[in-house]
Amino acid sequence: MKQTYIEDIASHDGEAVEIRGWLYNARSSGKLRFLLVRDGTGLIQAVAFKKDLPEEMFNLIDQLTQECSIIVRGSIHADQRAPGGYEMSLQYIEKVGGAVDYPITPKEHGVNFLIDHRHLWLRSSKQHAALRIRHEVVSAIRDFFNQRGFINLDAPIFTPAACEGTTTLFEVDYFNDKAYLTQSGQLYMEAGAMAFGKVYCFGPTFRAEKSKTRRHLTEFWMVEPEVAYMDLDGLMELSEDFISYIIERALENRKEELKTLERDTSKLENIKPPFPRITYDEAHKLLIEKNFNFRYGDDLGAPEESAISESFDKPVMIHRWPAEAKAFYMKRDEDRPELALGMDMIAPEDVGEIIGGSQREDDYDIILQRIKEHGLPLEAFDWYLDLRRYGSVPHSGFGLGLERTIGWICGTPHIRETIPFPRMMYRIRP
RNA sequence: UCCCCGGUGGCUCAAUGGUAGAGCGGGUGGCUGUUAACCACUAGGUUGGGGGUUCAAGUCCCUCCCGGGGAGCCA
């Protein structure tokens with residue numbers, strides 16, 4: 001008999017189908033058995049009456065354990081009492097693989113235990129929902145850039161040196177030479193933008209910083225578009241269109257999953273352009289009004305970010321930062337050379353920074369001087385300087401943290417639940 | 001690296017310095033509409049390691065290990 005997936009079950013009302021999956025939970029009442037079956041696409045309850053089944057099949061049900069794999073057949077019919085709205089009247093059941101002492105029970109577990117069993121935790125409904133939303137967000141990101149004519153041009157993961165110098169990198173042995181895992185594809189995307197006009201890379205990024213917080217992973221995914229002839233204002237417009245599109249897609253296609261996660265979607269429905277844009281100067285003023293002891297020129301810490309995002313119900317973009325606090329490659333504001341044309345987007349609901357971007361310095365002499373000022377090894381940037389030697393143009397780009405974005409959409413407190421196998425400072429297993 | 005919190009049956013937790021317990025999960029039995037089902041019975045423990053104080057330590061002290069989330073830094 002042909003396999004039917006639970007997600008398609010509504011179109012099989014009244015038919016007999018076969019479902020291949022796993023036992024999610026079982027309950028019984030006298031000569032009646034309720035089996036909650038999952039197949040990866042959904043959950044359905046199968047009901048078995050003793051009188052409707054051969055004796056050995058009915059007896060088999062009582063030997064089934066949580067997460068053992070089973071094949072069930074029966075007729076489908078709508079039933080309001082059933083979770084999911086449809087129910088199967090069981091006519092046949094077959095055990096495929098056993099499951100003795102499945103560790104994750106239907107009751108509470110601590111984070112420690114669950115993370116240790118991440119390979120099994122993926123089967124639980126909330127994790128399942130979060131990762132299906134991840135899939136949607138990834139698809140939306142690719143669709144957004146495809147629709148706008150961007151070329152996907154992925155950056156290398158092995159890199160010869162730091163892109164920005166300061167951040168801690170994972171060092172690897174590269175045929176008896178040193179190499180590092182990428183912390184950003186940006187410099188390569190700048191080369192790509194000069195070749196293709198509009199490009200993006202989308203892949204894993206590695207940071208060896210000893211950060212132990214709910215918004216950090218040592219391995220995370222980053223999307224980095226880079227556009228030739230785009231200035232900072234164009235970049236902010238691109239960012240808000242991008243974020244709005246992602247949110248819209250999640251709301252449109254992942255309603256069920258958001259419901260499973262008990263996400264208050266009213267806060268997401270509001271996320272439409274334009275987003276508030278404030279300068280660093282305005283952010284500074286806002287913090288002083290809120291009685292923060294915040295010195296002009298300092299970078300925004302986590303408490304400052306929270307305070308600013310609380311003042312808005314949409315993501316807020318903060319632009320034009322004191323240049324000392326920012327990276328060497330950012331272009332300076334013509335009217336205020338002490339300011340860098342950088343932009344950070346802070347998501348609401350205390351999610352923190354999800355986007356960091358800037359207009360890049362495109363002048364050969366100035367960027368050469370910046371590299372020297374930052375004490376970076378010139379020889380490593382030789383190819384990068386070529387981009388300013390041969391037909392340099394104004395250009396801009398940003399990086400979006402995928403897991404932080406998904407965490408925001410899902411309303412999960414910790415971003416580790418937004419990636420299948422999180423890598424954190426003290427966790428590399430499973 | 002620094003600050004704070006934690007480590008007790010498989011899991012989640014309780015236990016004034018004085019007999020280590022409950023709920024869930026497992027096992028057995030019961031129940032014809034269960035929704036984290038319910039009811040009864042039952043098995044299950046070197047309290048993270050080491051040292052110390054004490055008549056007596058899960059509990060107090062020292063130390064080490066492991067983990068958590070916050071700072072810094074970032075996406």
Side-chain angles (χ1 to χ4, degrees), chain A residues 24-36 43 45-52 58 62-63 65-67 79-84 87 89 99-117 124-126 163-169 182-186 202 204-224 239 298-306 325-327 343-347 350-357 398-408 413-416 418-419 424-427 429:
Chain A
Y24 196 72
N25 200 1
R27 290 178 283 267
S28 70
S29 181
K31 303 293 173 260
L32 193 52
R33 298 289 180 271
F34 301 94
L35 303 177
L36 208 48
L43 272 176
Q45 179 163 275
V47 186
F49 287 90
K50 190 176 170 68
K51 62 175 166 57
D52 294 344
F58 192 82
D62 288 334
Q63 287 157 32
T65 51
Q66 189 192 356
E67 283 302 323
D79 191 316
Q80 293 198 332
R81 294 170 297 187
E87 192 170 81
S89 292
V100 180
D101 297 331
Y102 185 73
I104 303 176
T105 64
K107 291 280 177 175
E108 301 162 52
H109 297 283
V111 177
N112 221 26
F113 179 82
L114 290 169
I115 283 274
D116 282 340
H117 295 83
S124 305
S125 60
K126 286 194 178 179
C163 291
E164 301 179 28
T166 51
T167 328
T168 323
L169 298 169
T182 181
Q183 59 169 346
S184 166
Q186 182 203 317
F202 189 10
T205 303
F206 307 88
R207 303 274 166 94
E209 281 157 356
K210 296 191 172 175
S211 302
K212 302 198 317 178
T213 80
R214 66 199 159 85
R215 51 170 73 112
H216 285 91
L217 299 169
T218 54
E219 178 183 324
F220 65 98
W221 282 60
M222 187 154 70
V223 193
E224 295 173 276
S239 307
D298 283 352
D299 211 344
L300 260 57
E304 286 86 16
E305 273 184 10
S306 304
K326 290 291 175 182
M343 175 275 289
D344 283 359
M345 188 190 287
I346 316 283
D350 210 17
V351 167
E353 187 180 340
I354 55 171
I355 279 181
F398 65 76
L400 170 100
L402 179 67
E403 288 77 13
R404 286 188 184 173
T405 305
I406 299 166
W408 170 38
H414 199 302
I415 65 168
R416 66 185 153 214
T418 65
I419 187 167
M424 291 170 291
M425 195 178 156
Y426 291 120
R427 284 196 185 269
R429 253 178 277 273

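Numbered from 1 within each chain, the chains take letters A, B, ... in sequence-line order. On a predicted model such as this, the values are computed, not experimentally measured, just so you know.
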State the OG-CG distance between A:S125 and A:L43, to the nearest 0.5 angstrom. 7.0 Å
Between B:U42 and B:C5, how many Å separate the two P atoms, rounded to a whole number? 41 Å
For a quick check of understanding: with a heavy-atom distance under 4.0 Å over all strands, which category does A:T205 fall into, base, sugar-phosphate or nothing? nothing
How far does the P atom of B:C62 sit from the matching atom of B:U53, given to the nearest Å? 15 Å
Any donor-acceptor N/O pair under 3.5 Å between B:C66 base and A:R427 side chain: no
Please report the distance separating the C1' of B:G49 from the corresponding atom of B:G7, rounded so that it comes out in whole Å. 12 Å
Specify the separation, in whole Å, of atom CD of A:Q45 and atom P of B:A36. 11 Å
Using OP1 and OP2 only, check whether a side-chain N or O of A:K212 sits under 4.0 Å from B:G69. no
Out of B:U34, B:C73, B:G26, which has the shortest distance to the side chain of A:D101? B:G26
In terms of side-chain geometry, is the basic nitrogen of A:R427 or A:D116 positioned less than 4.0 Å from the acidic oxygen of its partner? yes
Looking only at side-chain atoms of A:H414, point me to the closest of B:G33, B:C11, B:G69. B:G69
So does A:A26 get a backbone contact from the side chain of A:R33, meaning a donor-acceptor N/O pair under 3.5 Å? no
Confirm from the modelled atom types if A:Q66 and B:G26 form a donor-acceptor pair under 3.5 Å, side chain to base only. no
Pick the C1' atom in B:G23 and in B:A36, then give their distance to the nearest Å. 13 Å
Could you check whether any side-chain N or O of A:R404 sits under 3.5 Å from a backbone N or O of A:R215, counting only pairs where one atom can act as donor and the other as acceptor? yes
Whole angstroms only, please: what is the CD-P distance between A:E224 and B:A75? 9 Å
Taking the P atom of each, how far is B:G21 from B:G27, in whole Å? 25 Å
Would you indicate whether the side-chain heavy atoms of A:E304 and A:I346 approach each other to under 4.5 Å? no
Work out how far the P atom of B:U19 is from that of B:G58, and round it to whole angstrom. 10 Å
Taking only the side-chain heavy atoms of A:L217 (C-beta and beyond), determine which of B:U32, B:A75, B:G70 contains the nearest atom. B:A75
Length of the CZ-C1' vector between A:F113 and B:U8, whole Å: 16 Å
Quick one: A:R27 CZ to B:U34 P, roughly how many Å, whole number? 10 Å
For atom CG of A:D116 and atom C1' of B:G10, their distance in whole Å: 14 Å
Closest to the 5' end of RNA chain B, once A:T218 and A:K51 are matched to their nearest nucleotides, is A:K51
How many angstroms lie between CE in A:M343 and CZ in A:F398, if you round to the nearest 0.5 Å? 6.5 Å
Roughly how many Å is it from CG in A:N25 to P in B:C24, rounded to a whole number? 14 Å
Just N and O in the side chain of A:H216: are any of them under 4.0 Å from OP1 or OP2 of B:C73? no
Gap in Å between the two P atoms, one belonging to B:U47 and one to B:U59, rounded: 10 Å
Of the candidate nucleotides B:U12, B:G72, B:G67, which contains the atom at the shortest distance from the side chain of A:K210? B:G72
Side-chain donor or acceptor of A:T168 under 3.5 Å from a matching atom on the base of B:C73? no
Hey, does A:R404 reach any base, or is it just sugar-phosphate, or nothing, if we go heavy atoms under 4.0 Å? base
So what is the 5' to 3' dot-bracket string for RNA chain B, if pairs are Watson-Crick or G-U wobble with both distances under 3.5 Å, crossing pairs use [ ] and | means the partner sits on another strand? (((((((..((((....[..)))).(((((.......))))).....(((((..]....))))))))))))....
Touch class at under 4.0 angstrom, heavy-atom based, for A:I104 against every strand present: nothing
With a non-hydrogen cut-off below 4.0 angstrom, is A:D344 in contact with a base, only sugar-phosphate, or nothing? nothing
For nucleotides B:G9 and B:A43, find the distance between their C1' atoms and express it as a whole number of Å. 11 Å
Ring geometry between A:F113 and A:H109 (parallel below 30°, tilted from 30 to 60°, perpendicular above 60°): parallel
N/O donor-acceptor pair, side chain A:T105 with base B:C11, under 3.5 angstrom: no
Does A:R416 place a side-chain N or O at less than 4.0 Å from the phosphate oxygens OP1/OP2 of B:G69? yes
Shortest side-chain distance from A:F34, nucleotide among B:U34, B:A71, B:C73: B:U34
Length of the line joining A:M425:CE and B:C2:P, which is rounded to integer Å: 11 Å
Any side-chain heavy-atom pair of A:F206 and A:T218 under 4.5 Å: no
For the residue pair A:E224 and A:S184, confirm or rule out a side-chain donor-acceptor distance under 3.5 Å. yes
For A:F220 and B:A75, do the ring centres fall under 5.5 Å apart while the planes stay under 30° apart? yes
Inter-residue atom distance A:I415.CD1 - A:T405.OG1, 0.5 Å rounding: 9.5 Å
Can you figure out which of B:U34, B:U32, B:C73 approaches the side chain of A:F49 most closely? B:U32
Would you indicate which nucleotide in B:C11, B:A71, B:C74 comes nearest to any side-chain atom of A:R207? B:C74
Atom-to-atom span, CG of A:L36 to P of B:G33 - whole angstrom: 18 Å
Starting at the 5' end of RNA chain B, which residue's closest nucleotide do you reach first, A:L114 or A:Y426? A:L114
